[in-house]
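To keep things clear, I will list the structure first and then write my remarks on it.
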Protein chains: 2
Amino acid sequence: MTLDQIFADLRRQGTTVRHAETGSWAAEVLRERISAGQLVPGTKLSEEPLCDLLGVSRNTLREAFATLAIEHMVARIPNRGVFVARPTADDIREIYRVRRFLEPAALLWSTSPTTDALHAAIERARQARSRGSVADMAGANQDFHAGVVALAGSEGLSRQMAQVLAEMRLVFHSMVADPLFHAPYVDENAGILERFEAGEHSEAAALMVEYLERAERQLLEAHARA
Amino acid sequence: MTLDQIFADLRRQGTTVRHAETGSWAAEVLRERISAGQLVPGTKLSEEPLCDLLGVSRNTLREAFATLAIEHMVARIPNRGVFVARPTADDIREIYRVRRFLEPAALLWSTSPTTDALHAAIERARQARSRGSVADMAGANQDFHAGVVALAGSEGLSRQMAQVLAEMRLVFHSMVADPLFHAPYVDENAGILERFEAGEHSEAAALMVEYLERAERQLLEAHARA
DNA sequence: CCTTGTGGGATTGTTCAACAATTCGGTAGG
DNA sequence: CCTACCGAATTGTTGAACAATCCCACAAGG
């Protein structure tokens, strides 16, 4: 798909952006398109065409690039341009290194007992599974794990988890995803939540570690094949 | 101290920056000045004067601001300008929320057994204490805690820890620091490291939690007084 | 045939100057 | 004393220009 098609809808609807937020608006649009997989990892984001498509100046677009580069959504190579980030095997290992710290720690030491969001995420994952919608299942699964870290009640930790999950989406988009990858994990999440709510926090954390180690192996394997 | 004095040294030395890194260079200069406490929290960073002082254009300076805003080193208020961040009591609580997860988790689950950097940091802290240098003691203390998180071997976690410690420096700069604040913690760090190296990881983690909770209380108290 | 410059063209990095939008301080009027 | 409004100052955004760098095709030489 060409860039013109990806951003065609922007020109249709009135894209009047208020003063003092054009840069972050552009970043948001790009981030959304990358997360949705419309912009495939490795795609070069040339400045001039994108300026026309987004209707912003080069300076403003570059401000958006600076934001996305810090979030690891794009890779900036000096004098060569910015590209949609293409995670390496090392990136995958780093992602799970972070997750293996954040998620078990949240299960062990979280104070917030409000698990409504977690139940809701599991329910949505189950419905998506019975519907056969892989994308929705993946999304609900990510919401569950983001919700686990959110138990910690820390904006900063949730922010880092959100960034890691965004990189996860890039990983999925950069290789042919096994449609059944997420399916078995749905019930496993439910089991972890059950233990957690029963007050067996260390058991829940141990299950989570096992979960993450298995997912990492599986993902690295798939990455090596691709 | 005026801005002109703070940035006077830049004009003296040749400040020729290579192509394709002027923006990050400006960010680095500002970050350094803020961390060192030369730019007091709350200071307004007006664009035009700073452009002259740094010798960069407004666009480039704004790129630097975007970076620093994400790192929470400056606060950007739309249409009003950017200010050196002034941490609130809630910010302090958030800082320690993150630290209480990252540091004990690193002690519990770290794989890397290389503790050389931690010993070095403690040694530097002891020398600074006997020298009576509060600033060096604080710096060495921060190096120790950054080193603890570095045990996790994760670039992302170390990065977040570095950001949190930078915010800590802002906290210290935004209030009259008790010269003896860091003194008792030096030996405590040594004790934690001892337990860790003896393989008693959960004891080390427990000591760390205690340490952090006490430091947070003390800091919040001092913040309330100021 | 393969390497090794070596141009020119395209793209990125940076600056500058202008204009639009917003805030802030002061001031006239009630 | 309070309110509304005006204008100066500052920020947000744009477009054009120039400098620096990379690329790619192509020619010269081994």
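Keep in mind that what you see is a predicted model, and the values were worked out from it rather than measured. By convention in this document, chain letters (A, B, ...) are assigned in the order of the sequence lines, proteins followed by strands, and residues within each chain are numbered from 1.
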Residue whose nearest DNA chain C nucleotide is more 5′ - A/K44 or B/V56: A/K44
Return the value, rounded to whole Å, for the distance between atom CZ of B/F83 and atom C1' of D/dT11. 11 Å
D/dT13, OP1 or OP2 - any side-chain N/O from A/T22 closer than 4.0 Å? yes
Of the listed nucleotides (D/dT11, C/dT15, C/dT12), which one gets closest to any side-chain atom of A/E47? C/dT12
Indicate yes or no: does A/R97 engage A/E94 in a salt bridge with an N to O separation below 4.0 Å. yes
Measure from CG on B/N59 to P on D/dA17 and round the result to the nearest Å. 16 Å
The nucleotide from C/dT15, D/dC23, D/dG12 with an atom nearest the side chain of B/N79 is D/dG12
Taking only side-chain nitrogens and oxygens of B/T60, does any of them come within less than 4.0 Å of OP1 or OP2 of C/dT15? yes
The side chain of B/R62 is closest to which nucleotide in this list: C/dT12, D/dG12, D/dG15? D/dG12
For A/R76 and D/dC22, what is the distance between atoms CZ and P respectively, to the nearest whole Å? 15 Å
Rounded to whole Å, please give me the gap between CH2 in B/W25 and C1' in C/dG13. 15 Å
Atom-to-atom span, CD1 of A/I77 to P of C/dA10 - whole angstrom: 22 Å
Check every atom of D/dT11, D/dC23, C/dT15 against the side chain of B/S57 and return the nucleotide holding the closest atom. C/dT15
Are B/Y211 and B/H145 close enough that their ring centres sit under 6.0 Å apart? yes
Whole angstrom is fine here: how far is it from CD in A/E63 over to C1' in D/dT11? 12 Å
Are A/R86 and A/S174 close enough that a side-chain donor and a side-chain acceptor fall under 3.5 Å? no
I need the CZ-P distance between B/R80 and D/dA9, as an integer number of Å. 18 Å
Hey, does the side-chain of B/R58 have a donor or acceptor N/O within less than 3.5 Å of a partner on the base of D/dG12? yes
Note: A/R100-A/E216 ion pair, threshold 4.0 Å (strictly below): yes
